[in-house]
There are 6 protein chains.
Amino acid sequence: MRPVRFDPAFTGEVFLGATPDYGEARAVIYGMPMDWTVSFRPGARLGPRRIREVSVGLEEYSPYLDRHLEDIRYYDAGDIPLPFGNPSASIERIRAVAGRILDDGKIPIGLGGEHAVTWGPVQAAASRYPDLVLLHLDAHGDLREEYEGETVSHATVMRRAVELLGGDRVWQFGIRSGTREEFRFAREHTHFHPFEVLPGLTEACAALADRPVYVTVDIDVVDPAFAPGTGTAEPGGISSAELLQAIHLLRGLRVVGFDLVEVSPPLDPTEQTQILAAKVIREVLLAVTESAG
Amino acid sequence: MRPVRFDPAFTGEVFLGATPDYGEARAVIYGMPMDWTVSFRPGARLGPRRIREVSVGLEEYSPYLDRHLEDIRYYDAGDIPLPFGNPSASIERIRAVAGRILDDGKIPIGLGGEHAVTWGPVQAAASRYPDLVLLHLDAHGDLREEYEGETVSHATVMRRAVELLGGDRVWQFGIRSGTREEFRFAREHTHFHPFEVLPGLTEACAALADRPVYVTVDIDVVDPAFAPGTGTAEPGGISSAELLQAIHLLRGLRVVGFDLVEVSPPLDPTEQTQILAAKVIREVLLAVTESAG
Amino acid sequence: MRPVRFDPAFTGEVFLGATPDYGEARAVIYGMPMDWTVSFRPGARLGPRRIREVSVGLEEYSPYLDRHLEDIRYYDAGDIPLPFGNPSASIERIRAVAGRILDDGKIPIGLGGEHAVTWGPVQAAASRYPDLVLLHLDAHGDLREEYEGETVSHATVMRRAVELLGGDRVWQFGIRSGTREEFRFAREHTHFHPFEVLPGLTEACAALADRPVYVTVDIDVVDPAFAPGTGTAEPGGISSAELLQAIHLLRGLRVVGFDLVEVSPPLDPTEQTQILAAKVIREVLLAVTESAG
Amino acid sequence: MRPVRFDPAFTGEVFLGATPDYGEARAVIYGMPMDWTVSFRPGARLGPRRIREVSVGLEEYSPYLDRHLEDIRYYDAGDIPLPFGNPSASIERIRAVAGRILDDGKIPIGLGGEHAVTWGPVQAAASRYPDLVLLHLDAHGDLREEYEGETVSHATVMRRAVELLGGDRVWQFGIRSGTREEFRFAREHTHFHPFEVLPGLTEACAALADRPVYVTVDIDVVDPAFAPGTGTAEPGGISSAELLQAIHLLRGLRVVGFDLVEVSPPLDPTEQTQILAAKVIREVLLAVTESAG
Amino acid sequence: MRPVRFDPAFTGEVFLGATPDYGEARAVIYGMPMDWTVSFRPGARLGPRRIREVSVGLEEYSPYLDRHLEDIRYYDAGDIPLPFGNPSASIERIRAVAGRILDDGKIPIGLGGEHAVTWGPVQAAASRYPDLVLLHLDAHGDLREEYEGETVSHATVMRRAVELLGGDRVWQFGIRSGTREEFRFAREHTHFHPFEVLPGLTEACAALADRPVYVTVDIDVVDPAFAPGTGTAEPGGISSAELLQAIHLLRGLRVVGFDLVEVSPPLDPTEQTQILAAKVIREVLLAVTESAG
Amino acid sequence: MRPVRFDPAFTGEVFLGATPDYGEARAVIYGMPMDWTVSFRPGARLGPRRIREVSVGLEEYSPYLDRHLEDIRYYDAGDIPLPFGNPSASIERIRAVAGRILDDGKIPIGLGGEHAVTWGPVQAAASRYPDLVLLHLDAHGDLREEYEGETVSHATVMRRAVELLGGDRVWQFGIRSGTREEFRFAREHTHFHPFEVLPGLTEACAALADRPVYVTVDIDVVDPAFAPGTGTAEPGGISSAELLQAIHLLRGLRVVGFDLVEVSPPLDPTEQTQILAAKVIREVLLAVTESAG
């Protein structure tokens, strides 16, 4: 009996234009709906599903890149079911999923969720690409030694990454908030480009041409005017147009993994944050599946 | 290559507990995301997806009925893609889908959407069950001869049904709003039980034991206090507890089709309307797959 | 040149069904958009306009009363422009407007605004009807001697009325909040029916058959479940169905003035409060223009 | 009997400063409250009334233009009552209204509503000004051949205009979203200025000095940060300051008609979109009644 | 130098009427702002502070009990700083605080926060009152053996309590949702009064006259119409008036501890849930400090 | 008995990092929760408490200034209890508080509340610093002779200041809205820098090196995109980054008082306005306690 079944993209079950065929996909979208170590304003667990939902309102064609989603293949795996309130078990599960995707020769495109989730795919990518470089766009350094007694949280994730990769393989852009200690540490250890994104990222692109690169974008790198739906909004950021330009710069790199985190839909009834996130993912898909390979 | 893919119910892609196997399903849930003839407050197009989304917050067990969703089989077909702004083409598409489900020997469980959509499955069911009886729970009679120049709209759908089935095969419960003409028409032609639901419905159950029955519930039969997320809220309705009791009465009937309409999530930031709707659907699934057959 | 001009009721400029002819009107709706002495949650200044706006979603026919708005004549004067932040000048202006309406032989139907505004029409009615009786439906006694140093505010308005009319001509229903002193005062001086409305109001109707009556309803007499959009919500009130029944009891009285106050639309995104208020006004118009005369 | 009646602008019944005398008006504001072909997020039907409502919060003086609304005359006709869910009948009714206004020698200033409504006044103006030129500010090209089976919708309206006027008489500014086909068509047929507004518009002003011009502005030409209340928000747009500058450029043109569409108040609880829209209309009134004639 | 400092209750820093003198207090209010094991809709971490904030809108006098907050003494300790995302450390910290309060001879009045927090004060009270009885008002049984791999969570807290105290010392009221297994367990082990509250609670009061009693109230025992701001709303509950009556019944008991949990302000923009919670706490303070001792 | 009491900054009772020791404080934060003369959209009374609440989400370190809140001392006095609906008594009370703080040798940092409140601290500072200069950042001139019959309101406050200080001691920046008369007055009497802030402010800093300066910032000087939560939003303003730069310029001045007004949290569900306000206050504390003295 042939089932009655309608297009899953229509109601946001999968990201706009995703193929139902995992095998042929070059990239794999997956959700990391975790927000339990968020300090003040939870809600990021709804990020992935709302980004998918609004994606259907976008065009599949990018006039910026003159490329079309039909020309590429990517799969949407849905959201990883995570154990509520257990950060370490959650991150371990995410690490395993990202590893599976990498082992299948595909690019993991993660949707968060709070920034602590990035620790999963970064570990997975580092173990498969020994010379991995990490690019980090964010308002916050996330470089604390520990936070509220935890060594892995949204506030410490980049410190862990520096320990894993060495600071020389970590580039940070747009940082405009942190402890004095975090700024000092960043200035000493990472490629640190505070306040601005495009100049530093252009420099990184020139330096990293053939290196495998993992890119993590915290939506709060953008000013709250353009992305109010995020847990720790920080006034004074870049515009959404600048973030799109940054994504377009990625075409020149060999991106092996990407995530976009801290989209918190309950905090933005206008939905502009989710819509920006969906547009960023569309541009990433078009930019990254072109360059990687 | 085995795809990475997570449970679709987790993020509300399908209703809680739905089987992925259409063939074995006794009932089929489908969405009718139409709200273009809504007069004042659109938003019901988002009803089906939000009902699915919140369903995951419910238990699968009903302590009212002492039954469990695991004991029954139902499928979720997703939302029917409808042509925006074209009511007649939309309803025709819905009619065809409901017909397909009926022809496959299954019970269609429709999620609306504005009430005009009911005209689709009612026609489909009437053509397959010549002695079909229609039960209608609503704040509004929906018995206008025409509305804003249209013969099929949310305000006329029951008039069309009376023309199709004859008033003697139409029962109406809970009606507390309409034109003087609609109330006069109802009193003369239908089994009319205004203001209250349970007494009349009990009477109907006694009278209709073996007849095939289609049940349509407009969520606004419930007072706005219990279901504020609806396009034409009408104060002075029954409680949500009474609606659940009404659903439980359906166990004594041979229900061949059901729909729940006018759930408009953008109008209810508390989400209680959607949660009530999901609970009603759970109870309907448990009550109707028991009785029908 | 004949102006291009569309129906003002369509966009809520006037209350549903209002006549453009002041002269023929039996009742006159007017708005009192004041909320500057509100203690905690302002917003009631938007009450009158939002009540008008949602009124267009109601039917003009009342199945409760079997009466139709077409059968009666009432005018909508719009909102009185009030000096922001100046309560005494505002109330004086309201008093003058209500007096004008009474002098024209019509029934003033006021929409609030905070409860302090009632002091305007009560003074106006008392000066024209020496034996005026005041009926007061509210969660709060509003019987303070003074409040925050002011003698006229939403918390003192009924105390002023008792001083003006004598406690024997004041009936209070549904009161469930106040100071110990207010409850003591009410028990000693007014016809005091705390917690409940219908039994006491039935008693009042029997006692007051021919007396001129002014009725003031604070929407918070209803439980917040049925009317969350109000400045000082007080759990444990009557249902909206009971309020509608109370309005229907007014048919037996000679109502010379009416107001409905404390509707605060910004506090109720579901709009159910405004919709209830509009329905109450419809029923009042049908009940009061029948009885008064 | 002199009616009690208060200033209709106070509660937003008419736009700030509108004259009650149609005959003397140089421009006529009218609402087109249609949103039934909107694809994803309805609500634009409330645009016109909310723009009026917030207009009372603006000053009547423009320090940008050093002009004052008291110096000019314009009338507000209210919202056109449109048949819910019937796009073609709605647009026909709008066309007739705009034609009436043009025949009376006045400039129609339309408030939307979804962009499909523009098809009404454009037809009306084209039939009266054979050399009409159309200026189009928008995030989307709206150049589809058809959309969801309909030839007239918000996504096709400019394609219809190109067919009517010829592409040479259509200028498009700020477009940053569309199908590949739409961008190709625009590049071949219209005066196409994607992504930016001011450079192209300056060029248009130089080229079109004496030509009759109709200007249609989709509020989504502005970035969602400045106008989140719109149905298909598209990140990466111009700022509100740039839109105001664009309006000021219109002083050099002979504008015979104008509309501002896709303002969707339910999507913007902050109301900034409506406030921007009202300010744009104020500047348009001051700029256009000066230049046209 | 005498500091400039204003009344902390005015802005909701402490609960209405709280004494600044810990020593003289008979009861101590404290917040448990934890929501990290919440399954679907976080936000309860804001419960305690918003309950305090709206408390200033209440009267200090209860006309139900004819008692006044001035007649009693209670202290507000503020919110316990909890380690984000670490449930076991959080509960341990709460246990210690509640123990301190009990050791000081005072009644702990906890504000949640998700229901898992109750495990802290219940352990504290049980270790100090060997014959402690637990009264549990809730929509959910919270009797799971484990949940998502955790043994202490909002879904298991009562199971842990039964293990600690024995089912014979646990009374449950109003339960209307759970697994089949939970209902079976409750029927076999606890004093189980599903669906209703008042009859069973009256029975409990008669049976428990002199026993030390800890009372935990999940706000979702009330129907979502009366308390929509809660994480797992369950339609079909009791009214807010019934909950107030239940609180009044506590006067007959020796209450040694109390908590009210699952108030989630971000889910209720009308604030009625928080206001109900504040009123419940007022009545608890008046009822419990009277009876306990 | 040592009280159980938790950190008051954790739940927003005091501003991030405030000392509990008034005596050692160099600056004193105080709230002015008044909004009763607001014309259209009340809510600013909640500004102070919500600014405090979100402050806990900020870092205590400023990477812009490379300074840390731990290095300075400031006290938070809470909100001044003001008589609802009585502007003149409210402003008098504020004047007295600001005077007390000045007399204690500290810098008053006021949080509004509507702009009328500034009249309090300006009078207090002027009486203590005979050569006081006033810097005013705002979208509106606030220079009306009177407004709605009142001489002191949010629309007249700067006119009163000019009368008190003389126009030569008043500098205005960023003004983009007002009556024709206000703009004329400003151009003739004050140091008037309309539309922009930074160029004029740089000029002022050069001119005013040793003069005692009071700075008042209306949050609406910023574009609504960056600060939508304000009563009379005016599109076309500066960015939040520019406002932060303006604050940093204050380091070169001798600031003796400061206020930030018109933050209206109910109008901004995204909370970005409050967060911007808190960040401005952090930077002011760091900039001003450095320079003043």
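Computation of the quantities below employed the complete heavy-atom set of this structure, encompassing side-chain atoms and omitting hydrogens, waters and symmetry-equivalent molecules. Naming: A, B, ... by sequence-line order, numbering from 1 per chain.
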Non-hydrogen atoms of Gly236(C) and Ser240(E) that approach each other most closely:
N-OG, 3.6 Å

Hey, could you give me the CG/CD distance between Asp268(C) and Gln272(E), rounded to the nearest 0.5 Å?
8.5 Å

Heavy-atom pair of closest approach, residues Pro63(E) and Arg176(C)
CG-O, 3.4 Å

Does any backbone or side-chain atom of Leu276(E) lie under 4.5 Å from a heavy atom of chain C? Answer side chain, backbone, both or neither.
both

Working to the nearest 0.5 Å, report the span between CG of Leu58(E) and CD of Glu234(C).
6.5 Å

Rounded to the nearest 0.5 Å, what separation is found between the OG1 atom of Thr232(C) and the CD atom of Glu59(E)?
9.0 Å

Taking the side chain as C-beta and beyond, is there a heavy-atom pair between Glu182(C) and Tyr61(E) under 4.5 Å?
no

Is it the side chain or the backbone of Val54(E) that comes within 4.5 Å of chain C heavy atoms, both, or neither?
neither

Expected contact set for residues 218-227 of chain C against chain E at heavy-atom separation under 4.5 Å reads Asp223(C), Pro224(C), Ala225(C), Phe226(C)

Do the side chain of Lys279(E) and the main chain of Pro235(C) share a donor and acceptor less than 3.5 angstrom apart?
yes

Is Asp71(E) salt-bridged to Arg180(C), going by a charged N under 4.0 Å from an acidic O?
yes

What distance separates Glu60(E) CD from Thr179(C) OG1, expressed to the nearest 0.5 Å?
10.5 Å

Output for pair (Thr270(E) OG1, Leu267(C) CG), nearest 0.5 Å, gives 8.5 Å

With sequence neighbours excluded, residues passing side chain to side chain donor-acceptor pair (under 3.5 Å) with Tyr30(E)
none

Non-hydrogen atoms of chain C under 4.5 Å away: do they reach the side chain of Asp66(E), the backbone, both or neither?
both

